[in-house]
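One structure is given below, encoded as structure tokens.
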Amino acid sequence: MQGGAQAHRCRPRGDPLTGPGKSRGPVRGRFPWGRPMRLSRYFLPVLKENPSEAQIVSHRLMLRAGMIKQQAAGIYSWLPLGLKVLKRIEQIVHEEQARAGHIPLLMPTLQPADLWRESGRYDDYGEEMLRVTDRHKREMLYGPTNEEMITDIFRGNVNSYKDLPLTLYQIQWKFRDEIRPRFGVMRGREFLMKDGYNFDLTKEDALHAYNRHLVSYLRTYERMGLQAIPMRADSGPIGGEDTHEFLVLADTGESEVFYDSEITDLRFGDRAIDYDDPAACRAVLEEFTSRYARTDETHDEAVFNQIPEERRRSARGIEVGQIFYFGTKYSEPMGATVVGPDGARVPVHMGSHGIGVSRLLGAIIEASHDERGIIWPEGVTPFHVGLVNLKQGDASTDSACAAIEAELQARGIEVLYHDRDERAGAKFATMDLIGLPWRITVGPRGLANNVVELTSRRTGESVEMSPQDAVARVAEVYAPVFAQSWPAGR
RNA sequence: CGGGGCGUGGCGCAGCCUGGUAGCGCGACGGUUUUGGGUACCGUAGGCCGGAGGUUCGAAUCCUCUCGCCCCGACCA
């Protein structure tokens, strides 16, 4: 967390109670409108019992951890903890899009019907599109996707091949009136999605954009602690020739998938890659699509059977993203053309790319939890570390916790301090449920020897060390996570 | 949209079949107790039983309609 980290360490030891509230200016990696948080002043309505409507583990845990509240079938309020994770995921998506050179914009949720009549999809889309009429009897719709609108923006403002290539994207709420929403945020009617659109002069350029997106998506998911496997898929109503879906393997996934076990050994990691280098991007695509990996829609038994039997796998997967190349499917009917080098007007080649942002919360939890609750990967955790005071009201533990809290804040590490007057067991249970990856436990016994406990949520392993060392250790753990932010040094 | 199920204090449920004036656990609040894995006890507050209509002296309970939610299937980021 450059900037904030090494900047200054004014340790409010002398006055631990007023220390943590002081503003130290924007610190990277923190929730934009976050501030030091104590559970006694937070809004975290955790449930001890399982709500009866939730059938799958991610839905149950999101409800129990006080992250969401259902307002109607497939429509949710995002409570503070859920919103925090949602924002973290959004931030990672933004950063990786920026890294790939894509430009953010924001389009409205409500769109005029006329635009969709142009593409012919106003009739094609059917019941899944939520249609509304305004006071002037104008027909509108709540956007299920945005190909029409982005094409409209493009055609009105871009005329020359010199303005290409161009990739625009947004992270915006969508609405698809599913017949049967289910599984909490995994299959909501209202959902947050990143949708991006590339505009290129030639098919070759557009395929580079396709490959570039594949690379950026691999990075994006890995930063969230997920392995999402690109699989050849079906294009559905979006249409087009080339498409890959990104799937996270999970028993509760809605898609049946078939793959060569070698595919799961591949990692993108923190490779440096030049997104403007078509060959480099293509090489990554080739690497990650070199093994058999398909959904049931495109599964080919004959090809699958050529894989050595011990490597053949079939499983369930959660779809967390999809990329398409669809050529001139929209640009042609909607007149999105540019003047080429030869002076002739040609329709642009396009593709679109989506990441199910709100769905990712469910996917991450499905992939990372245990019987006690959620286990957040460091990249998306709502708070970096939890602080548990075992004897609230005890002068020594209270002041030690306040000092640790201040020290973590100073290093740009977000801490949730469980300062409520509850028993140790209750505090541990709450912390385990909400899944912060690290916990510092401060009790009178340890404090007598100047030690606190640092516990990993994932492994359950606890190590005793001085408060200073615990803070340093947490900072060390998060250093590589913070280093992935982009642009660096912000 | 076909099939199944459910709506009773914030949450989880019982009561419904065999109508008689609403109960349990958790939670909340107040207190005592306790303090290293959801402590124990005492007390308090909180529900026109999803809604409308009907049958009846009387409806959470029976009947009709309606709204909502969940599960399986077909459909989808």
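So you know, we letter chains A, B, ... as the sequences are listed, proteins then strands, and number each from 1. Just so it is clear, the values below take in all heavy atoms, side chains as well, and ignore hydrogens, waters and symmetry mates. Owing to the predicted nature of the structure, the values given are computational and were not obtained by experimental measurement.
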- Query: How far, in whole Å, is U61(B) from G9(B) if one measures between their P atoms?
  - Reply: 15 Å

Collect all protein-nucleotide pairs involving nucleotides 7-9 of chain B in which both atoms are nitrogen or oxygen and the distance is under 3.5 Å.
none

- R187(A) CZ to C76(B) P: how many Å, rounded? 9 Å

- Could you measure between the two P atoms, the one in C63(B) and the one in C6(B), and give it in whole Å? 13 Å

- Tell me: CZ of F175(A) to C1' of C76(B), nearest whole Å? 13 Å

- Task: Mark up nucleotides 66-71 of chain B, 5' to 3', with B wherever a protein heavy atom is under 4.0 angstrom from a base atom, S wherever such an atom reaches only the sugar-phosphate, and - elsewhere.
- Result: ---SSB

- Query: When you check the gap from the basic side-chain N to the acidic O, do R64(A) and E49(A) get nearer than 4.0 Å?
  - Reply: no

- How long is the line joining CG of L47(A) and C1' of C13(B), in whole Å? 15 Å

- Query: Can we say R267(A) and E287(A) salt-bridge, meaning some charged N sits less than 4.0 Å from an Asp/Glu carboxylate O?
  - Reply: no

- Judged by modelled atom types alone, do T243(A) and R232(A) share a side-chain donor-acceptor pair under 3.5 Å? no

- Query: Which whole number of Å gives the distance between the C1' atom of G25(B) and that of U64(B)?
  - Reply: 36 Å

- For C16(B), the nucleotide meeting Watson-Crick or G-U wobble distances (both under 3.5 Å) is none

- Would you call the rings of F326(A) and F324(A) parallel, tilted or perpendicular if under 30° counts as parallel and over 60° as perpendicular? tilted

- Query: Hey, are W486(A) and E96(A) close enough side-chain-wise for a donor-acceptor pair under 3.5 Å?
  - Reply: no

- What residues in residues 439-448 of chain A put a non-hydrogen atom under 4.0 Å from any atom of RNA chain B? R439(A), G443(A), R445(A), G446(A)

- Using the C1' atom as the reference point in each nucleotide, state the distance between U55(B) and G19(B) in Å, no decimals. 11 Å

- Answer yes if the ring centres of Y275(A) and H208(A) are under 6.0 angstrom apart, and no otherwise. no

- Item | Closest-nucleotide 5' rank along RNA chain B - winner of R372(A) and N50(A) | N50(A)

- Item | F383(A) six-ring centre to K84(A) NZ/CZ under 6.0 Å and within 45° of normal | yes

- Whole-Å distance separating the CG atom of L433(A) from the P atom of C26(B): 19 Å

- Task: Determine the interatomic distance between P on A60(B) and the same-named atom on G51(B); round to the nearest Å.
- Result: 11 Å

- Task: May I ask you to say what G188(A) touches in the nucleic acid, namely base, sugar-phosphate or nothing, with a heavy-atom cut-off under 4.0 Å?
- Result: base

- Message: Check this for me: does any side-chain nitrogen of one of E378(A) and R458(A) sit under 4.0 Å from a carboxylate oxygen of the other?
- Response: no

- Task: Take atom C1' in A52(B) and the same atom in A14(B), then report the distance between them in whole Å.
- Result: 27 Å

- For atom NZ of K391(A) and atom P of U39(B), their distance in whole Å: 18 Å

- Note on the structure: Answer for the Watson-Crick or wobble partner of C41(B), both distances under 3.5 Å, is G31(B)

- Quote, to the nearest angstrom, the P distance that separates U34(B) from G15(B). 40 Å

- Partner set under side chain to side chain contact (heavy atoms under 4.5 Å, CB included) for R60(A), not counting sequence neighbours: N50(A), A54(A), V57(A)

- Message: Does anything in residues 423-432 of chain A come within less than 4.0 Å of RNA chain B? Heavy atoms only, and list the residues if so.
- Response: R423(A), A424(A), G425(A), A426(A), F428(A), A429(A), T430(A), D432(A)

- Taking atom P of G36(B) as reference, at what distance in whole Å does atom CG of N449(A) sit? 16 Å

- Query: When you check the gap from the basic side-chain N to the acidic O, do R117(A) and D123(A) get nearer than 4.0 Å?
  - Reply: no

- Using whole Å, report how far CG of D394(A) lies from P of G36(B). 12 Å

- Is it true that E147(A) and R121(A) have a side-chain N and a carboxylate O under 4.0 angstrom from each other? yes

- Task: Report the base-pairing partner of C26(B) (Watson-Crick or G-U wobble, both distances below 3.5 angstrom), or none.
- Result: G10(B)

- Query: Distance check: side-chain N/O of K48(A) vs OP1/OP2 of G27(B), anything under 4.0 Å?
  - Reply: yes

- Query: Between the base of G38(B) and the side chain of E422(A), is there a donor-acceptor distance below 3.5 Å?
  - Reply: no

- Note on the structure: Pairing partner of G46(B), by Watson-Crick or G-U wobble and under 3.5 Å for both distances, is none

- Message: Suppose we call a contact any N or O donor and acceptor under 3.5 Å apart; does that hold for the side chain of E49(A) and the base of G27(B)?
- Response: no

- Once you apply the 3.5 Å cut-off to both distances, tell me the Watson-Crick or G-U wobble partner of G73(B), or none. C1(B)

- Message: Check the orientation of H349(A) and Y325(A). Use parallel for under 30°, tilted for 30 to 60°, and perpendicular for over 60°.
- Response: parallel

- Over 60° means perpendicular and under 30° means parallel, so classify the ring planes of F304(A) and F258(A), tilted if in between. perpendicular

- Task: Please work out which of the three classes, parallel, tilted or perpendicular, describes the rings of F288(A) and F268(A), given edges at 30° and 60°.
- Result: tilted

- Query: With both distances under 3.5 Å as the test, what is the Watson-Crick or G-U wobble partner of G36(B)?
  - Reply: none

- Message: Taking CD in E461(A) as the centre, count heavy atoms belonging to other residues, nucleotides or ligands within less than 6.0 Å. Is the count above 12?
- Response: no

- Task: Using the C1' atoms only, state how far C76(B) lies from G50(B), rounded to an integer number of Å.
- Result: 30 Å

Using distance only, find each side-chain donor-acceptor pair of residues 244-257 of chain A under 3.5 Å and give its atom names and separation, not counting sequence neighbours.
unit_1  : atom_1 : unit_2  : atom_2 : d
H244(A) : ND1    : Y210(A) : OH     : 2.7
T252(A) : OG1    : E366(A) : OE1    : 2.7
E254(A) : OE1    : R187(A) : NH1    : 2.8

- Task: May I have the distance from E254(A) (atom CD) to A74(B) (atom C1'), rounded to whole angstrom?
- Result: 13 Å

- Item | Pair partner, U64(B) [Watson-Crick or wobble, under 3.5 Å] | A52(B)

